[in-house]
Chemist: 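Okay, handing you the structure first.
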Amino acid sequence: MHRIVARTQLSPNVTRLDVEAPRIAQIRQPGQFVIVRRAERAERIPLTIADGDPVAGTISLVVQSVGKSTRELVALKAGDEIRDISGPLGMPTELIARGRALCVGGGVGTAVVHPIAQGLHRNGVSVVSVIGGRSKEWVIFEQELKRLGEVVVCTDDGSYCRKGFVTDAAKELLAAGGIDIVYAVGPVPMMRAVANLTKPFGVHTIVSLNPVMVDGTGMCGGCRVEIDGETKFACVDGPEFDGHKVNFDLLADRLSTYRTQEQEAAARCGDECRIGLKH
Ligand code: NAD
Ligand code: FES
C-alpha cells in the first residue's frame with residue numbers, strides 16, 4: 001500500500017498526488033512512468049512520475065480527471081492509500097549533455113516535461129520552457145520550471161502572459177536559433193504541430209506518447225504505435241520517440257477507440273466517483 005502524503009489541485013481537472021513509493025523514488029529517471037491500481041479490482045492507470053524525493057521516499061503523480069478511474073483516483077485524500085504502484089516503467093529520456101534545449105508543455109503535458117527539464121538542468125544544459133493552457137487557471141508547473149531556466153507562458157485566450165498556442169512562442173525561439181533539441185509533451189495535435197514546426201529547422205524533436213496501456217510490460221500490445229513505419233510498444237520502447245517519425249494519425253485514431261465505453265463508464269460513475277467508490 002502507498003500512502004498519499006499530499007494532494008494539491010493544480011488546475012480545474014488536474015490533481016497532484018505525492019505518494020509514498022521509496023524504491024521508485026530512489027531509482028526513477030526522467031521520462032519514466034508508473035502504473036497505478038487504486039484498489040484490487042480497479043483499472044490500471046499509467047502516470048508519468050512528475051517529480052520525486054528520494055530522501056522522503058515519495059513520488060509525485062499528476063492526474064487529469066477525464067473518466068471514471070481517474071475521477072476515483074483524485075477523490076482520494078491525503079492519508080488514504082493506493083493499493084499498487086508498479087514501476088518505474090519505460091525508457092528514460094534521451095537527455096543531451098550540453099547546449100540549449102527547448103521544452104514545450106501543453107496543458108497537463110507540462111507535468112511530463114518537468115522531470116525532463118530537471119534532468120537537462122542537472123546535466124548543465126540551458127533550458128527554455130514554453131508552457132501553455134487554455135486560460136490562466138489551466139497553467140501548471142510554472143514555478144517549478146522557473147527554477148530550471150527561462151519560462152514563456154502562453155494562454156489560448158490571453159488571460160495570462162502571452163496570448164496564443166505554445167507553438168507560436170516555440171516558432172519564434174526556433175527562428176532565433178541556438179536550439180539543439182526540442183522535447184514536446186501535450187495533446188496529440190500539439191505534439192504533431194511542434195514536430196511539423198521543428199522539421200524545417202532540422203532540430204531533433206522528442207515527443208512523449210500516451211496510447212492506451214494495460215500491462216505496461218510489453219505483453220498486451222495495447223500501447224502499440226507506429227514509428228518510422230515500424231510497430232513499437234510505447235510502454236517498453238518509449239514512451240518517448242522521435243517526433244518526426246511518429247504516425248500521429250494512427251495514434252489519434254487508437255486513442256479514440258474506446259471513447260464511447262469511457263463516456264458510458266464516466267456517466268455511470270456519477271456521485272460514486274465524487275465520494276470515492278470502493279470496489
Ligand atoms: P489542452 O487541450 O488544454 O491544450 C493545452 C495547450 O496545448 C494549449 O493551451 C495550446 O498551447 C497547446 N495546443 C493544443 N492544441 C494545439 C494545436 N492544435 N496546435 C498547437 N498547440 C496546441 O490540453 P489538456 O486538456 O491539458 O491535455 C489533454 C490531452 O493531453 C489529452 O488528450 C491527454 O491524453 C493528453 N496527454 C498527453 C500526455 C503525453 O504524455 N503526451 C500526458 C498527459 C496528457
Ligand atoms: Fe501492454 Fe504496452 S501496455 S504492451
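Hydrogens, waters and symmetry mates play no part in the numbers below; they use all other heavy atoms, side chains included. Small disclaimer: the values here were computed from a predicted structure and weren't measured. Read the numbers this way: they start at 1 and go in the same order the structure lists the ligands and their atoms.
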Chemist: Looking at atom 42 (C) of ligand 1, what's its closest protein heavy atom, distance included?
Modeler: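 Answer, as residue, atom name and distance: Val112 CG2, 4.1 Å.
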
Chemist: Which donor-acceptor pairs under 3.5 Å do the side chains of residues 189-203 make with protein atoms, sequence neighbours left out?
Modeler:
residue, atom, partner, partner atom, Å
Arg192, NH1, Asp249, OD1, 3.0
Arg192, NH2, Asp249, OD1, 3.2
Asn196, ND2, Arg192, O, 3.4
Thr198, OG1, Val194, O, 3.3
Thr198, OG1, Ala195, O, 3.2
Thr198, OG1, Thr205, OG1, 2.6
Thr198, OG1, His244, NE2, 2.8

Chemist: Within the side chain of Arg134, is there an N or O that forms a donor-acceptor pair under 3.5 Å with the backbone of Asp157?
Modeler: no

Chemist: Taking all heavy atoms of Ser129 and all of Leu145, pick out the closest pair and write down the distance.
Modeler: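 Nearest heavy atoms, Ser129 then Leu145: OG-CD2, 3.9 Å.
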
Chemist: Has Asp215 got a side-chain atom pairing as donor or acceptor with Gly218's backbone, closer than 3.5 angstrom?
Modeler: yes

Chemist: In terms of atom number and element, which parts of ligand 1 are under 4.0 angstrom from non-hydrogen atoms of Val185?
Modeler: 39 (C), 40 (O), 41 (N)

Chemist: Closer than 4.0 Å to some heavy atom of Met191 - which atoms of ligand 1 meet that?
Modeler: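 Once the distances to Met191 are compared, the set is 41 (N).
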
Chemist: Considering heavy atoms of the protein only, find what lies nearest to atom 19 (N) of ligand 1 and give residue, atom and distance to 0.1 Å.
Modeler: Phe165 CD1, 3.4 Å

Chemist: Does any N or O of ligand 1 fall below 3.5 Å from an N or O anywhere on Met190, backbone included?
Modeler: no

Chemist: Between ligand 1 and Cys154, can you find any atom pair, the residue atom being a heavy atom, that is separated by under 4.0 Å?
Modeler: no

Chemist: Under 3.5 Å, is there a donor-acceptor pair between the Thr93 and Glu240 side chains?
Modeler: yes

Chemist: Less than 3.5 Å apart, any donor N or O on the side chain of Ser60 or Asp18 sitting next to an acceptor on the other?
Modeler: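 Judged by distance alone, the side chains do pair up.
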
Chemist: Among all protein heavy atoms, pick out the one at the shortest distance from atom 23 (O) of ligand 1; state its residue, atom name and that distance to 0.1 Å.
Modeler: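 The closest one turns out to be Pro187 CG, 3.4 Å.
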
Chemist: Run the side chain to side chain contact (heavy atoms under 4.5 Å, CB included) test on Val182 and Ile206 for me, step by step, so that the C-alpha distance in whole Å, both residues' side-chain angles and the decisive distance to 0.1 Å come before the verdict.
Modeler: CA-CA 6 Å; Val182 172; Ile206 294 176; over 6 Å; no

Chemist: For the backbone of Pro88 and the side chain of Arg28, can you confirm whether one donor and one acceptor N or O come within less than 3.5 Å of each other?
Modeler: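 No: the side chain of Arg28 does not pair with the backbone of Pro88.
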
Chemist: Only heavy atoms of Gly106, strictly under 4.0 Å: list the atoms of ligand 1 that pass.
Modeler: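 Matching atoms, with element in brackets: 5 (C), 6 (C), 7 (O).
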
Chemist: I need the atoms of ligand 1 closer than 4.0 Å to a non-hydrogen atom of Asp156, numbered in the order shown.
Modeler: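 Reading through ligand 1 atom by atom, the close ones are 8 (C), 9 (O), 10 (C), 11 (O).
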
Chemist: Starting from atom 43 (C) of ligand 1, what is the nearest protein heavy atom, named by residue and atom, and what distance separates them?
Modeler: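 Heavy-atom neighbour on the protein nearest atom 43 (C) of ligand 1: Val108 CG1, 3.6 Å.
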
Chemist: Side chain, backbone, both or neither: which applies to Ser208 and ligand 1 if a contact is any heavy-atom pair less than 4.0 Å apart?
Modeler: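 For Ser208, backbone and side-chain atoms both sit under 4.0 Å from ligand 1.
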
Chemist: Atoms of ligand 1 less than 4.0 Å from Gly186 heavy atoms?
Modeler: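 Those qualifying, in numeric order: 30 (O), 37 (C), 41 (N).
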
Chemist: Please list all pairs meeting salt bridge (Lys or Arg N to Asp or Glu O under 4.0 Å) that have one or both residues in residues 216-234, counting only residues at least two apart or in different chains.
Modeler: Glu230-Lys232

Chemist: Please report which non-hydrogen protein atom sits nearest to atom 11 (O) of ligand 1, along with the residue it belongs to and the distance in Å to one decimal place.
Modeler: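 The answer is Val166 N, 3.1 Å.
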
Chemist: Specify the protein heavy atom at minimum distance from atom 35 (C) of ligand 1: its residue, its atom name, and the distance to 0.1 Å.
Modeler: Asn210 ND2, 3.5 Å

Chemist: Which residue holds the protein heavy atom closest to atom 5 (C) of ligand 1, what is that atom called, and what is the gap in Å?
Modeler: Gly107 N, 3.3 Å

Chemist: Between Thr167 and ligand 1, find which residue part has any heavy-atom pair under 4.0 Å and reply side chain, backbone, both or neither.
Modeler: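 Answer for Thr167: side chain.
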
Chemist: Does Ser11 form a side-chain hydrogen bond (donor to acceptor under 3.5 Å, both in side chains) with Gln9? I'd like the steps, not just the answer.
Modeler: CA-CA 6 Å; Ser11 83; Gln9 198 66 38; over 6 Å; no

Chemist: Is a side-chain donor-acceptor pair under 3.5 Å present for Glu72 with Thr70?
Modeler: no

Chemist: Heavy-atom contacts with Gly133 under 4.0 Å: which atoms of ligand 1 show up? List them by number with element.
Modeler: 9 (O)

Chemist: One thing to verify: whether Glu81 and Arg3 come together as a salt bridge, which I'm taking to mean a side-chain N less than 4.0 angstrom from a carboxylate O.
Modeler: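 No salt bridge links Arg3 with Glu81.
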
Chemist: Ignoring hydrogens and geometry beyond distance, is a side-chain donor-acceptor pair present between Glu94 and Tyr183 at under 3.5 Å?
Modeler: no

Chemist: Report the protein N/O/S neighbours of atom 2 (Fe) of ligand 2 that fall below 2.8 Å; do not count waters.
Modeler: Cys223 SG, Cys235 SG

Chemist: Got the closest protein heavy atom to atom 18 (N) of ligand 1, with its distance?
Modeler: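 So the nearest neighbour among protein heavy atoms is Pro189 CB, 3.5 Å.
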
Chemist: May I ask which of Gln64, Arg192, Arg134 has a heavy atom nearer to atom 31 (C) of ligand 1 than the others do?
Modeler: Gln64

Chemist: Name the one of Arg38, His2, Arg37 that satisfies side chain to side chain donor-acceptor pair (under 3.5 Å) with Asp84?
Modeler: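 Only one option passes, and that is Arg37.
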
Chemist: Please set out all donor-acceptor pairs under 3.5 angstrom arising from side-chain atoms of residues 96-117, sequence neighbours excluded.
Modeler:
residue, atom, partner, partner atom, Å
Arg100, NH1, Ser126, OG, 2.9
Thr110, OG1, Gly105, O, 3.3
Thr110, OG1, Gly107, O, 2.8
His114, ND1, Ala50, O, 2.8

